[in-house]
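One structure is given below, encoded as structure tokens.
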Amino acid sequence: MIRTRFAPSPTGFLHIGGARTALFSWAFARHHGGQFILRIEDTDVARSTPDAVQAILDGMNWLGLTHDEGPFYQMQRMDRYKAVIQQMLAAGTAYPCYTSPDELERKREEQRAKGLKPRYDGTWRPEPGKILPTPPADVPPVVRFKNPTDGVVAWDDLVKGRIEIANAELDDLVIARADGTPTYNFCVVVDDWEMAITHVIRGDDHVNNTPRQINILKALGTEIPQYAHLSMILGDDGQKLSKRHGAVSVMQYDDEGYLPEAVLNYLGRLGWSHGDEEVFSMPQFCEWFNLDHITPSAAQFNTEKLNWLNAHYLKLADNARLVALVQPRLEARGVSITASPSLEAIIGLYKERVSTLNELADAAEVFYIDLHPQAEILAQHLTPEALPALAEFVAGLTDVAWEAPAINALIKRCIGNHGLKMPKLAMPLRVLLTGQAQTPSVDAVIVLFPRERVLKRLAAIPYN
Ligand code: GLU
């Protein structure tokens, strides 16, 4: 049974890199009919907040990355970590160390002064035949892991290939602080073990932790999971993705009008490929996804491509669903939506032409507010040759059948009578009705409005 986990630290929002890690872990489990576990690594109490936990849960929920177990909170598992520490002390794979922080710092300084890499000097490390100093009465000990001193720790990373670290490079890691609280790497190890994780898929900022974690897992005599370290995501400009790049929190993409399926599809292709396939649903992604086609190099974010995918999914989306997504956006802008024109009809007409829900809201907004088209746009399109045709069109509107073909016929009659080409009349109509020169076919736009609203908008200009 394949078991993966996503293990965010709740110190901020669910950012786009975390979301991709979650997606790959989730999809790998789904592909294999396995289980996906959500674990909140909240042991950094100074930086973890309930708001950040909620933001992570909201982000996962918005993306639809459902977990089969959890969320487990590390702060609720302290007793378990402490029990394992006792077990390791008893087994001799961990030991108490009484070197005080001051003394440790002093020794490090000495090592640095000698040009050496600062490391724990092993004073309290038990060895066969070694006599340890007498523990001082007033120093509460930390607990250190007794890391092997020779050989290498190696793993075949499923993304990066074989990685080997000499044990001599690794210190005896502190696994419990002087107050008894377990440290970060130790909690991860105990959890990955007890949650029976088979594949650890995570960001490559954790590569350095992996040899330490493997050594502790070995000392516990447990199975070692497989590791897949995902390369980082760079921004559009090739720099490390950060707040500078705007939307890095997943929920900000929601705010900016992206659909979750577009973000998921986009993230799926960020560092993974299946031939040339660019557009795929999540069931399709889960069917294809494996760890063999993840690129070990950094992936670069491309907002244009995300916009293109979002436009694609907007076209496919059901109109009623889009109404439910656009309506709150309009309400948040203080726009009150009336029954007529119908928001659903507006969306049906405009969804092919926009890249985000916010652009859809922009397009819909002009149908509901008092419109004051800009003077320059009016001057540009309301040319003297257009005005008589417009006047005839307005006169004809009062009794034309309220449907696009009849309105189209009226437009054609008016331009015919005045020897004009279509845009000469269509452009001023667009501008007067929507404030914009770019709209779908003008007869289709006109019939979205009730007749009186069109007459009112068109009456706002002098025709001679
Ligand atoms: N809590 C870690 C983080 O948010 C992830 C740890 C892991 O995946 O092993 O970066």
Hey, mind stepping through F6 and F36 against ring pair (Phe, Tyr, Trp, His ring centres under 6.0 Å) and telling me if it holds?
CA-CA 8 Å; F6 177 52; F36 174 62; 7.1 Å; no
Dump the intermediate steps for side chain to side chain contact (heavy atoms under 4.5 Å, CB included) on V445 and Y350, then the final yes or no.
CA-CA 9 Å; V445 170; Y350 276 85; 4.1 Å; yes
Would you please test Y227 and I214 for side chain to side chain contact (heavy atoms under 4.5 Å, CB included) and show each step?
CA-CA 10 Å; Y227 292 90; I214 291 177; 3.8 Å; yes
Assess whether side chain to side chain donor-acceptor pair (under 3.5 Å) is satisfied between D191 and Q74, documenting all intermediate values.
CA-CA 8 Å; D191 285 349; Q74 287 189 324; 2.8 Å; yes
Could you go step by step and tell me if Y258 and N307 meet the side chain to side chain donor-acceptor pair (under 3.5 Å) rule?
CA-CA 8 Å; Y258 292 92; N307 288 345; 2.5 Å; yes
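Side-chain contact annotation: R202 with T210, donor-acceptor N/O pair under 3.5 Å present. Residues T439 and R430 bring a donor and an acceptor atom of their side chains to less than 3.5 Å of each other. Neither side chain, N209 nor Y184, offers a donor N or O lying under 3.5 Å from an acceptor on the other. Counted by atom type alone, D443 and S441 present one or more donor-acceptor pairs between their side chains at under 3.5 Å. D58 and Q54 share a donor-acceptor pair across their side chains, judged by distance under 3.5 Å alone. Side chain to side chain, Y313 and N265 meet the donor-acceptor criterion of an N or O pair below 3.5 Å. For T181 and D179, the side-chain atoms include at least one donor-acceptor pair closer than 3.5 Å. Checking N185 against Q213 by side-chain atom types alone, a donor-acceptor pair falls below 3.5 Å. When only modelled atom types and interatomic distance are considered, E331 and Q327 share a side-chain donor-acceptor pair under 3.5 Å. Side-chain contact annotation: N310 with S355, donor-acceptor N/O pair under 3.5 Å absent. Side chains of E256 and N358: a donor-acceptor N/O pair is absent below 3.5 angstrom, by distance only. Between the side chains of R212 and N147, not a single donor N or O lies within less than 3.5 Å of an accepting N or O. Donor-acceptor pairing under 3.5 Å is lacking for the side chains of E385 and H418. Side-chain polar atoms of T338 and S340 form no donor-acceptor pair below 3.5 angstrom. Under 3.5 Å, the side chains of D157 and W155 contain a donor-acceptor pair of N or O atoms.
A search for ring pair (Phe, Tyr, Trp, His ring centres under 6.0 Å) contacts involving H32 returns F28, not counting sequence neighbours. Taking the side chain to side chain contact (heavy atoms under 4.5 Å, CB included) definition, one finds that E365 meets it with L330, R333, V335, I369, sequence neighbours left out. Under the side chain to side chain contact (heavy atoms under 4.5 Å, CB included) criterion, V366 pairs with L371, T434, Q436, sequence neighbours left out. Partners of R453 according to the salt bridge (Lys or Arg N to Asp or Glu O under 4.0 Å) rule, which considers only residues two or more places apart in sequence or in another chain, do not exist here. With sequence neighbours excluded, the residues that form a ring pair (Phe, Tyr, Trp, His ring centres under 6.0 Å) with F289 are F24, W272, F285. Listed by chain and number, the residues in a side chain to side chain contact (heavy atoms under 4.5 Å, CB included) with D156 are R162 (sequence neighbours excluded).
For G435 against P373, the heavy-atom pair with the smallest separation is CA-CB, 4.3 Å. Among all heavy-atom pairs drawn from Y73 and L57, the shortest one is OH-CD1, 4.1 Å. Considering every non-hydrogen atom in both F186 and P182, the closest pair reads CD2-CB, 4.1 Å. Looking at every heavy atom in both residues, A228 comes nearest to V159 through CB-CG2, 3.9 Å. The two atoms that bring F13 and S249 nearest to each other are CB-CB, 3.6 Å, heavy atoms only. Listed here is the closest heavy atom pair of Q87 and W193: NE2-CH2, 4.3 Å.
Shown here is E223, whose CD atom has no more than 12 heavy atoms of other residues, nucleotides or ligands within 6.0 Å. Residue-environment remark: NZ (K424) stays at or below the threshold of 12 foreign heavy atoms within 6.0 Å. With a 6.0 Å radius and a threshold of 12 heavy atoms from other residues, nucleotides or ligands, R47 has its CZ atom at or below the threshold.
Between R77 and E194 there is a salt bridge, since at least one side-chain N of the basic residue sits less than 4.0 Å from a carboxylate O of the acidic one. Using a cut-off of 4.0 Å between Lys/Arg side-chain N and Asp/Glu carboxylate O, D254 and R329 are scored as salt-bridged. Salt-bridge annotation for E278 and K305: present, with a side-chain N of the basic residue lying under 4.0 Å from a carboxylate O of the acidic one. Ion pair E277/R269 not flagged as a salt bridge, since none of the NZ, NE, NH1 or NH2 atoms sits closer than 4.0 Å to an Asp/Glu carboxylate oxygen.
A distance-only check finds a donor-acceptor pair linking the side chain of T198 to the backbone of R3 [under 3.5 Å].
The only member of D255, L322, D362, I347 that meets side chain to side chain contact (heavy atoms under 4.5 Å, CB included) when paired with L357 is L322.
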